[in-house]
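What follows is a set of notes on a single structure, which appears directly below.
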Amino acid sequence: QLQASGGGLVQPGGSLRLSCVASGSIFSITNMGWYRQAPGKQRQLVAAILRSDTTNYADSVKGRFTISRDNAKNTVYLQMNSLKPEDTAVYYCNLHPPRLSDWGQGTQVTVSS
C-alpha cells in the first residue's frame, strides 16, 4: 500500500503539501498519481506524474496544484495552493493508472473557514 500524509484543516486560500512514500526499486520508472474522493462522489484523478516527469492535472486544479517527485526518496508530493472548499476530500496516492492493491487509507483534506 501507498500511504498518503500531510492532510489537515485549512482555510480557503490556504496551502497544504501532501506526501506519499513508495517502496520498491522501480519507483523512478513508475507513473504516479494523486486521487481524491469527496463524500458521495467517485474517486477521481487529480494529478499524475509520468516517469518522464511529464505532469497532467484535472481541470479543476490546474494552476493551483503541483505534483512532483523525488526519486532518491521514493516520494511523490502534491503541493496544493489557493485551496477551495470544493477541494475537501480524502486524498490518495497510487500508481497511474491505479493498482487495486495499493490503495491506502488516504489523508483527509478539509477546506473550511
Can you give the donor-acceptor pairs under 3.5 Å from side chains of residues 4-20 to other protein atoms, not counting sequence neighbours?
from	atom 1	to	atom 2	distance (Å)
Ser15	OG	Asn81	OD1	2.9

Throw together a table of side-chain donor-acceptor distances under 3.5 angstrom for residues 41-48, partners on residues two or more places apart or in other chains.
from	atom 1	to	atom 2	distance (Å)
Arg43	NE	Gln37	OE1	3.3
Arg43	NH2	Gln37	OE1	3.3
Gln44	OE1	Arg36	NE	3.1

Next item on the list: Answer yes or no: is there a donor N or O on one side and an acceptor on the other, between the side chain of Asn94 and the main chain of Arg99, under 3.5 Å?
Entry: yes
Margin query: Are the side chains of Leu2 and Leu95 in contact, using a 4.5 Å heavy-atom criterion?
Written below: yes
Check: Do NZ/NE/NH1/NH2 and the carboxylate oxygens of Lys62 and Asp59 come within less than 4.0 Å?
Finding: yes
Next item on the list: Only pairs at least two apart or in different chains count here, so list each ring pair (Phe, Tyr, Trp, His ring centres under 6.0 Å) that has a residue in residues 57-97.
Entry: Tyr92-Trp103
Notebook entry, point to check: If we only count heavy atoms from C-beta on, is the Gln3 to Gln105 side-chain gap below 4.5 Å?
Noted result: yes
Notebook entry, point to check: Any side-chain heavy-atom pair from Met80 and Asp87 closer than 4.5 angstrom?
Noted result: no
Next item on the list: Hey, could you give me each pair passing disulfide bond (SG atoms under 2.5 Å apart) that has a residue in residues 36-90? Not counting sequence neighbours.
Entry: none
Note to self: Apply side chain to side chain contact (heavy atoms under 4.5 Å, CB included) to residues Ile49 and Val76 and explain how you reach the verdict.
What the structure shows: CA-CA 9 Å; Ile49 184 165; Val76 61; 4.1 Å; yes
Notebook entry, point to check: What is the distance from atom OG of Ser112 to atom CG of Leu83, rounded to the nearest 0.5 Å?
Noted result: 12.0 Å
Note to self: Among residues at least two apart in sequence or on other chains, which ones pass side-chain contact (heavy atoms from CB on, under 4.5 Å) with Ser52?
What the structure shows: Leu50, Thr54
Margin query: So Val109 and Thr88, do their side chains get closer than 4.5 Å, heavy atoms only?
Written below: no
Check: Residues two or more places apart in sequence or in another chain: which of them pass side-chain contact (heavy atoms from CB on, under 4.5 Å) with Arg51?
Finding: Ile29, Asn31
Notebook entry, point to check: Do Pro98 and Tyr35 have side chains that get closer than 4.5 Å, going by heavy atoms?
Noted result: yes
Check: How far does CD1 of Ile67 sit from CG of Asp53, to the nearest 0.5 angstrom?
Finding: 10.0 Å
